[in-house]
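Below, each value reflects all heavy atoms present in this structure, side chains not excepted, and no hydrogens, waters or symmetry copies. This is a predicted model, so every value here is computed, not measured. Indexing begins at 1, ligand by ligand and atom by atom, following the structure's order.
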Amino acid sequence: MTLRQHKKFKNFYTVTHPLLQHKLSTLRDVKTVTKEFKELVSELTMLLAYEATKDLPMTKARVTTPLETFDAPVLAGRKPVIVPILRAGLGMVEGLLALMPGARVGHIGLFRDEDTLEPQSYYFKIPPNSQERQFYVCDPMLATGGSAVAAVDQLKSEGIRKIAFLCIIAAPEGMEKFCTAHPDVQVYCAGLDRKLNEHGYILPGLGDAGDRIFGTK
Ligand code: PRP
Ligand code: URA
């Protein structure tokens, strides 16, 4: 089993697979350059998404192989929706689409005020009439938890109920805030780190995810 459920927060899962953990350590390394960083974020997201999608509903469809026709298992229901939190979440979209090429993509624009660390909303767009769809919200970093909580609040206020959250690194502070606010939303992360520093950065972390994905520093 490569999925570890948190003892206190039952909706919080860490994916412990050795390949994923090795990639995460390379991602953290200050020497990892933008191109490799982006590729690793995609690969890590695919491995997280593999676990996060394990309960998608299934049905049967007639499939004819070169030898015979049978009822084969296929995904049921409406296409899921991937929702990156701008901007760093964009780096995770490709990895999710690799596993779910038919998925829709919404966008939630939030940034942290550098002084208050409070999330500021600047964009919100999801497909209409999506209340029945499964949503996958993604952001590499769950730090104070303010951005992720606000993103899920916005989706819930639109009537969305089936939501999972994927992140690469979480701080204990963000896990607690998110899991307390949204105990019905399953969280899948690659690394639960030690703590936040005085500027709200995760330790040991990986630095500023958006800047490392887009090469803006
Ligand atoms: C980063 C990160 C999260 C947020 C996490 O985004 O990508 O969205 O901080 O912090 P929180 O859990 O304390 O809210 P940032 O605000 O730096 O914006 P960016 O992605 O546009 O760089
Ligand atoms: N956002 C980041 O990109 N990194 C952190 O460590 C915390 C918030």
Side-chain angles (χ1 to χ4, degrees), residues 6 9 11-12 14 23-34 36-38 40-42 44-45 48-49 82-96 105-126 135-156 163-183 185-217:
H6 193 271
F9 299 107
N11 57 323
F12 189 96
T14 307
K23 286 178 193 298
L24 176 60
S25 298
T26 311
L27 186 80
R28 292 178 187 275
D29 193 329
V30 69
K31 293 193 293 302
T32 298
V33 296
T34 303
E36 194 187 357
F37 192 91
K38 265 191 301 213
L40 283 164
V41 167
S42 272
L44 281 159
T45 305
L48 288 173
I82 298 163
V83 185
I85 300 178
L86 306 179
R87 123 195 103 132
L90 287 173
M92 298 176 75
V93 173
E94 207 181 297
L96 278 151
V105 182
H107 293 89
I108 293 181
L110 291 169
F111 68 87
R112 287 201 312 181
D113 181 292
E114 282 185 10
D115 298 321
T116 65
L117 299 182
E118 286 300 314
Q120 309 295 316
S121 170
Y122 61 91
Y123 191 72
F124 183 85
K125 182 84 178 171
I126 58 169
F135 278 64
Y136 295 99
V137 180
C138 55
D139 190 325
M141 310 305 272
L142 182 65
T144 65
S147 304
V149 167
V152 171
D153 282 345
Q154 289 185 27
L155 291 175
K156 285 186 173 174
I163 306 171
F165 179 69
L166 280 70
C167 62
I168 293 179
I169 297 180
E173 295 89 334
M175 171 182 71
E176 176 155 8
K177 181 169 183 157
F178 187 89
C179 292
T180 304
H182 296 298
V185 174
Q186 303 221 311
V187 182
Y188 297 88
C189 97
L192 177 57
D193 276 10
R194 201 170 81 252
K195 64 168 192 165
L196 295 176
N197 72 10
E198 63 276 23
H199 305 294
Y201 276 83
I202 301 175
L203 297 174
L206 51 70
D208 189 304
D211 283 339
R212 295 195 68 183
I213 290 169
F214 295 108
T216 43
K217 216 168 226 171

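At distances below 3.5 Å, not a single donor-acceptor pair connects side-chain atoms of D193 with backbone N or O atoms of I169. Between the S42 side chain and the E94 main chain, no donor and acceptor come within less than 3.5 Å of each other. Between the side chain of D113 and the backbone N or O of E118, no donor-acceptor pair lies under 3.5 Å. Remark: the backbone N or O of L196 is paired with a side-chain donor or acceptor of E173 at under 3.5 angstrom. Side-chain N or O atoms of R212 include one that pairs as donor or acceptor with a backbone N or O of L206 at under 3.5 Å.
Atoms CZ and CZ, from F9 and F178 in turn, are 12.0 Å apart once rounded to the nearest 0.5 Å. Separation of atoms CG (D208) and OG1 (T216) is listed at 7.0 Å; rounding is to 0.5 Å.
The R112 neighbourhood of ligand 1 comprises atoms 9 (O), 10 (O), 11 (P), 13 (O), 14 (O), 16 (O), with distances under 4.0 Å to a heavy atom of that residue. Every atom of ligand 2 is numbered from 1 in the order shown, and the set under 4.0 Å from a heavy atom of R112 is 7 (C), 8 (C). In the vicinity of G200, heavy-atom distances shorter than 4.0 Å reach the ligand 2 atoms 7 (C). For ligand 1, the atoms closer than 4.0 angstrom to any heavy atom of M141 are 3 (C), 5 (C).
Contact analysis leaves L117 out of contact with ligand 1, as no non-hydrogen atom separation drops below 4.0 angstrom. In this structure, G145 has a heavy atom closer than 4.0 Å to ligand 1.
Residue A143 touches ligand 2 through its side chain alone, judged by heavy-atom distances below 4.0 Å.
Among protein heavy atoms, the minimum distance from atom 14 (O) of ligand 1 is reached at S147 OG, 2.6 Å. Protein heavy atom closest to atom 3 (O) of ligand 2, with residue, atom name and distance, is A209 N, 2.8 Å. Here the heavy atom of the protein found nearest to atom 6 (O) of ligand 2 is I202 N, 2.8 Å. Looking only at protein heavy atoms, the nearest one to atom 7 (O) of ligand 1 is D139 OD1, 2.9 Å. Counting only heavy atoms of the protein, atom 17 (O) of ligand 1 lies nearest to D208 OD2, 4.2 Å. Shortest contact from atom 5 (C) of ligand 2 to any protein heavy atom: Y201 CD2, 3.4 Å.
Ligand 1 has an N or O atom lying under 3.5 Å from an N or O atom of A143, backbone or side chain. Between R87 and ligand 1, a contact under 3.5 Å exists for at least one N or O pair. In terms of polar-atom proximity, P140 is not counted as a contact of ligand 1, lacking any N or O under 3.5 Å from an N or O of the ligand. Below 3.5 Å of separation, one finds an N or O of T144 facing an N or O of ligand 1.
Of all heavy-atom pairs between P119 and L110, the closest is CB-CD2, 4.4 Å.
The nearest protein heavy atom to atom 1 (C) of ligand 1 is not closer than 4.0 Å. The presence of a protein heavy atom under 4.0 Å from atom 9 (O) of ligand 1 is confirmed.
Counting non-hydrogen atoms of neighbouring residues, nucleotides and ligands closer than 6.0 angstrom, the NZ atom of K195 reaches no more than 12 such neighbours.
The aromatic rings of Y122 and F111 lie tilted to each other, with the angle between the two planes from 30° to 60°.
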Quick one, I85 with F165, criterion side chain to side chain contact (heavy atoms under 4.5 Å, CB included). Give me CA distance, side-chain angles, the key distance, then yes/no. CA-CA 11 Å; I85 300 178; F165 179 69; 4.3 Å; yes
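Residue nearest to atom 4 (N) of ligand 2, selected from G205, G207, A171, A88: G207 (by heavy-atom distance).
Geometric assessment of R112 against the ring of Y201 yields a positive cation-pi assignment under the 6.0 Å and 45° thresholds.
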